[in-house]
Amino acid sequence: MLDIKLIRENPEYVKNNLMKRGDPENSKMLDTIVAVDREWRHKLTKLNDLRHERKMLTAEVGKLKKAGKDASSKVEKAKALDSEITGIQAEVASAEEKTGDYLMRLPNLLHDTVPVGNDESGNVQVRSWGIIPKFDFAIKNHIDLGLNLDIIDIERAGKVTGSRFFYLKRAGVLLDMALMSFALEEITKKGYLPVEPPYLMRREPYEGVTALGDFEEVLYKIESEDLYLIATSEHPMAAMFMNEVLKEEELPLKLAGISACFRKEAGAHGKDTRGMFRTHQFNKIEQFIFCKPEESWQLHEELLRNAEDLVQKLGLPYRVVNVCTGDIGTVAAKKYDIEVWMPAQNAYREVVSCSNCTDYQARRLGIRYREKEGAPPKGFLHTLNSTAIATGRTIVAILENFQQEDGTIVVPKVLRKYMQDIEKINLER
RNA sequence: GCCGGGAUGGCAGAGUGGAUAACGCGCGGGCCUUGAGAGCCCGUGGACCUUCAGGUCCGCAUGGGUUCGAAUCCCAUUCCCGGCGCCA
């Protein structure tokens, strides 16, 4: 959510920034907000005047009654004033609701370094790492590899849950858990606090962390309960401190979330329909930071470096892209993606997403900070999040990049200690 | 799930229908001091109008209701504590 005061004082600045996202709706909403806000302030002043009048009247009634005198004419006046107040109060409330509603729909302001572009093709490569593997045999995709090794069962998942789910088996399970353990250990070594959050959230906190469109597009709703399955542990971690004031000395607060993630992916029909690349459920270790505004851009780079470090240790070739204005999410001010080379697709594909959400989530959630105990709140925090490792896509990358001619998979050295020292995944293991 | 008790500012905690939410701690500023502390004084939730001073409203878990007037009375909801029940 943007600061209404900023919009009031500098609407052109806000508008120019929003225009970079390429959606004309934003500009229309902004105009509406400015107009309704002006009306709201006008009516609020009127309302306050009327309330003041009633207050005076009420005080007189009190005095008269105490003195045992007749107050009926004043009481009548107060009653009449009351109905006038009720009327204007409703107008104020509806104006308030309208601005609040539009304010919740406006996306975050973009950082100056975000490249302008319409879609994915406008993303700008920042750097690349590793060597794209050359195979002197006919390579298989992760689905064939996984089926042949009996570590993935997609067909039976289809029977039980429908498309875009999978059963992991045998070494597939070990690999999944090894990735989680590896990422958690590496990230906690860097001072991130492990957190296992609830997998369900109520709507109100959920509205604080995500775009409203996500409720229809990506979130699974529990029937007849005010609960949604989390799409990432970012969400319950961000909402954890809703309506709280953190102390400056505990910042930056760095968390490592561990959870399964659930996504409907409505609107993704036809994209990556087979296999484990785009699924309704996967496991993820997520980095999350609450910090002071002045340190968030530096920490954004730290999150990216942490994520790159993990991918490098796994030995997967990748590139980093600066996601452009047309492709960046609603809540992010700037976002890097790490895209790992997927041999069977002959393309780099996203496995990590690293965002600085500035004060956008914190303002929606009411998360502020104070300099010390007893001091008044200083302002809203900044929040940042980044994948450490999402197992589904990383498993795809490992299977395809480290496949051998005989269909076996060489396990990355750093994972072996977490999976019974298996060096190679074959039909025996 | 049932019965009972509770929710007030950063914290502790009064107020049980009639203007300003008491006192304290903490925090900020000032006086004093070589400096710090102590002591003393002022301030310390949010919004709006005006901006020089200032003015007004809202705020006692959340949402309704009763009343000329609600932190205070009534109803619903949420969460916390205790007891009972159920249970991986």
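To find a chain, count down the sequence lines: A is the first, B the second, and so on, and within it residues start at 1. Values reported hereafter were calculated over all heavy atoms of this structure, with side chains retained and with hydrogens, waters and symmetry mates removed.
- Rounded to whole angstrom, the span from the NZ atom of A:Lys43 across to the P atom of B:C48 amounts to 17 Å.
- A side-chain donor-acceptor contact under 3.5 Å links A:Asp176 and A:Thr391.
- Of the C1' atoms belonging to B:C68 and B:A53, the separation is 35 Å, rounded to the nearest Å.
- Relative to the side chain of A:Arg54, the nucleotides B:A47, B:G69, B:U56 differ in distance, and B:G69 lies closest.
- Rounded to the nearest 0.5 Å, atoms CG (A:Asp327) and CD (A:Glu350) are 8.0 Å apart.
- A:Met242 places its CE atom 15 Å from the P atom of B:U78, with the value rounded to the nearest Å.
- Of the residues in residues 245-254 of chain A, none has a non-hydrogen atom less than 4.0 angstrom from any atom of RNA chain B.
- A side chain to side chain donor-acceptor pair (under 3.5 Å) with A:Tyr318 is found for one member of A:Glu339, A:Arg349, A:Glu308 and no other, namely A:Glu308.
- In this structure, the CD atom of A:Gln89 is 15 Å from the C1' atom of B:C48, given to the nearest Å.
- Taking the six-membered ring where the residue is Trp, the centroids of A:Tyr336 and A:His300 are separated by under 6.0 Å.
- Within a 6.0 Å sphere centred on CD of A:Glu216, heavy atoms belonging to other residues, nucleotides or ligands number more than 12.
- Applying the side-chain hydrogen bond (donor to acceptor under 3.5 Å, both in side chains) test to residues at least two apart or on different chains, the pairs with a partner in residues 250-264 of chain A are A:Lys254-A:Glu302.
- Between B:C3 and B:G85, the two C1' atoms lie 11 Å apart (nearest whole Å).
- The number of heavy-atom neighbours closer than 6.0 Å to CE of A:Met104, taken from other residues, nucleotides and ligands shown, is above 12.
- Comparing B:U67 with B:G45, their C1' atoms sit 28 Å apart, to the nearest whole Å.
- Taking the centre and axis of the six-membered ring of A:Phe215, the NZ or CZ atom of A:Arg203 falls inside the cone set by 45° and 6.0 Å.
- The number of heavy-atom neighbours closer than 6.0 Å to CZ of A:Arg8, taken from other residues, nucleotides and ligands shown, is above 12.
- Remark: A:Lys46 is not in phosphate contact with B:C57, judged by side-chain N or O atoms under 4.0 Å from OP1 or OP2.
- Pairing analysis of RNA chain B (Watson-Crick: purine N1 to pyrimidine N3 plus N6-O4 or O6-N4; G-U wobble: N1-O2 and O6-N3; both under 3.5 Å) yields stems of 3 or more pairs at B:1-7 with B:78-84, B:26-31 with B:39-44, B:45-49 with B:54-58, B:61-65 with B:73-77.
- Picking from B:C48, B:C68, B:C57 the nucleotide with the shortest atom distance to the side chain of A:Asp82 gives B:C68.
- Between the C1' atom of B:G69 and the CG atom of A:Leu81 lies a distance of 13 Å, rounded to the nearest Å.
- Spacing between B:G28 and B:G10 at atom C1', rounded to whole Å, works out to 13 Å.
- With respect to A:Asp31 and A:Lys15, a salt bridge is recorded, a charged nitrogen being found less than 4.0 Å from a carboxylate O.
- Counting to the nearest Å, the P atom of B:C27 and the CZ atom of A:Arg370 are 12 Å from each other.
- Under a 4.0 Å N-O distance rule, the pair A:Glu39/A:Lys98 does not qualify as a salt bridge.
- When the C1' atom is compared between B:C58 and B:A70, the two are found 14 Å apart, to the nearest whole Å.
- One atom, CG of A:Asp226, and another, C1' of B:U62, lie 14 Å apart when rounded to the nearest Å.
- Expressed to the nearest 0.5 Å, how far CG of A:Leu365 lies from CZ of A:Phe241 amounts to 11.5 Å.
- The number of heavy atoms from other shown groups lying within 6.0 Å of CG (A:Asn118) does not exceed 12.
- Between A:Arg368 and A:Asn48, the residue whose closest nucleotide on RNA chain B is further toward the 5' end is A:Arg368.
- When the P atom is compared between B:C74 and B:C86, the two are found 34 Å apart, to the nearest whole Å.
- The side-chain contact (heavy atoms from CB on, under 4.5 Å) test with A:Arg368 is passed by exactly one of A:Leu246, A:Asp359, A:Val245: A:Val245.
- In this structure, A:Asp309 does not pair ionically with A:Arg305, as no charged nitrogen and carboxylate oxygen lie closer than 4.0 Å.
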For nucleotides 17-19 of chain B, tabulate all protein N/O to nucleotide N/O atom pairs closer than 3.5 Å, reporting atom names and distance.
from  : atom 1 : to      : atom 2 : distance (Å)
B:G18 : N2     : A:Thr58 : O      : 3.0

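- Per the geometry, CD belonging to A:Glu60 stands 16 Å off P belonging to B:C68, to the nearest Å.
- Salt-bridge annotation for A:Glu265 and A:Arg278: present, with a side-chain N of the basic residue lying under 4.0 Å from a carboxylate O of the acidic one.
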Collect all protein-nucleotide pairs involving nucleotides 49-54 of chain B in which both atoms are nitrogen or oxygen and the distance is under 3.5 Å.
from  : atom 1 : to      : atom 2 : distance (Å)
B:C49 : OP1    : A:Arg41 : NH1    : 2.8

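- Classification of A:Lys5 and A:Glu9 as a salt-bridged pair fails, no side-chain N sitting under 4.0 Å from a carboxylate O.
- Other residues, nucleotides and ligands contribute over 12 non-hydrogen atoms within 6.0 Å of the CD atom of A:Glu244.
- Taking atom P on both nucleotides, B:U33 is separated from B:C25 by 25 Å, rounded to a whole Å.
- Regarding A:Asn243, its CG atom lies at a distance of 13 Å from the C1' atom of B:G46, rounded to whole Å.
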Sub-3.5 Å pairs of nitrogen or oxygen atoms, protein against nucleotides 71-77 of chain B:
none

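- With both ends at atom C1', the span from B:U20 to B:C75 equals 31 Å, rounded to whole Å.
- The residue A:Lys5 sits close only to the backbone: its heavy atoms come under 4.0 Å of sugar-phosphate atoms, none of a base.
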